[in-house]
Q: 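First, the structure itself, so that you have it in front of you.
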Amino acid sequence: MQKNHSINLNLTINSGQVFLWDKFGDSWFGIDGQDLLVIREEPFKVIYPSKKITRFFREDDNLERIISEITKDNLVKSAVNQFGGLRLMRQEPFQCYISFICSSNSSIQNIKRMLKNLCKKFGNKIEFDKKEFFTFPIPERLANASNRDLISCGLGFRAKYVKLAAKMVYEDKLNFESLTKNDYKSALEELKLIPGIGNKVADCILLFSLDNLESFPLDRWTQRILLKYYSKIFDVYSEGTLTEKKYYELHEKIVDYFGQYAGYSQQFLFKMERDLNKKSWL
DNA sequence: TCATCACCTGGAGA
DNA sequence: ATCTCCAGGTGAT
């Protein structure tokens, strides 16, 4: 196993977790809720905010232990070796929630465009280094947004979902703090009550912002991975849409196999297979 | 419980 | 130029 466990920003940002990051010069600029994060890529250094952002990069995780727990086979082992600097991030929950609602049946570049438009229209302008950025909208702004304004951001059929989802948070009918404390299954079910959120999106929200490391989002790519490398172990025979029951059963088997940190294994395998297929991240 | 299908939108390929 | 297909799914029949 690779000894160097330092963060590789480029790998981490380009692994499908976040959408509002851009690189200018040798630094990355990212929006996380109401915060702007500025980080120099090489060598890794947090430029702003000056207080160390250990939470965002999950530096409180015991990575040694996690890596040793998820390396159940040679495939994970080689993915971990190849992408040693890849990390899961702990995003601001509301942004993550809206981002993945927007992600359904869309492409990464489209998702980025939608979210940027939302920030520009409903977020707050901030300046850094003579550059202009927009924070992510707070729940109230999106809950009160007109359908026309949301459509103008390019959300398409997702516009109504975003508005409703924001309303649920604004009215405190959905509370991220309590979701974080819930066990995996009840948190998943509660998220799925929101229109526009199914199993895959719920899993992304849980894994990327609500500290549920056993989440293992099953999308086209992860299904392809299971079919290609793990068909015997998990009894997968196609990569079509999973039924409710199959999704649940498959997740059970995955956690049995990869363990409580299955989400980390997913991230390494996902990144590996996407790169193998030369998919770009923009 | 399960299989089909429509869905906003922009970019890539025919 | 114009069209078709598809992209990290979901909800309604």
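Every chain is numbered from 1, with letters handed out A, B, ... down the list of sequences. Just so we're clear, the structure is a prediction, and the values are computed from it rather than from any experiment.
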Q: For the rings on A/Tyr264 and A/Phe258, is their centre-to-centre separation under 6.0 Å?
A: no
Q: Can you sort out which residues in residues 241-256 of chain A have a heavy atom within less than 4.0 Å of DNA chain B? Ascending by number, please.
A: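 A/Thr243, A/Lys245 - these, ordered by number, are the residues of the stretch whose heavy atoms sit under 4.0 Å from the strand.
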Q: How close or far is atom C1' of C/dG9 from atom CD1 of A/Ile98, stated in whole angstroms?
A: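 Atom CD1 in A/Ile98 sits about 16 Å away from atom C1' in C/dG9.
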Q: Starting from C1' on B/dC5, measure out to CZ on A/Phe157 and report it in whole angstrom.
A: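 A/Phe157 atom CZ is separated from B/dC5 atom C1' by 13 Å.
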Q: Could you label the plane-to-plane angle of the A/Phe128 and A/Tyr48 rings as parallel, tilted or perpendicular, counting under 30° as parallel and over 60° as perpendicular?
A: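 Aromatic pair A/Phe128/A/Tyr48 classed tilted.
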Q: With the threshold set at under 4.0 Å for non-hydrogen atoms, list the residues of residues 212-230 of chain A touching DNA chain C in residue-number order.
A: A/Asp219, A/Arg220, A/Trp221
Q: What is the separation between atom CD1 on A/Ile111 and atom P on C/dT10, rounded to the nearest whole Å?
A: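 One finds 12 Å between P of C/dT10 and CD1 of A/Ile111, rounded.
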Q: Under 3.5 Å for both pairing distances: what stems, at least three Watson-Crick or G-U pairs long, include DNA chain C?
A: B:3-7 with C:9-13, B:9-14 with C:2-7
Q: Can you list the residues that meet the side-chain contact (heavy atoms from CB on, under 4.5 Å) rule with A/Thr243, with sequence neighbours excluded?
A: A/Lys245, A/Lys246
Q: Nucleotides 9-14 of chain B: which of its N/O atoms have a protein N/O under 3.5 Å away?
A:
{"from": "B/dT9", "atom 1": "O2", "to": "A/Asn110", "atom 2": "ND2", "distance (Å)": "2.9"}

Q: Which residues in residues 188-197 of chain A have at least one heavy atom lying under 4.0 Å from any atom of DNA chain C?
A: A/Ile194, A/Pro195, A/Gly196, A/Ile197
Q: What's the CD-P distance between A/Glu239 and C/dC6, to the nearest Å?
A: 13 Å
Q: What nucleic acid atoms does A/Tyr161 come within less than 4.0 Å of, heavy atoms only: base, sugar-phosphate, or nothing?
A: sugar-phosphate
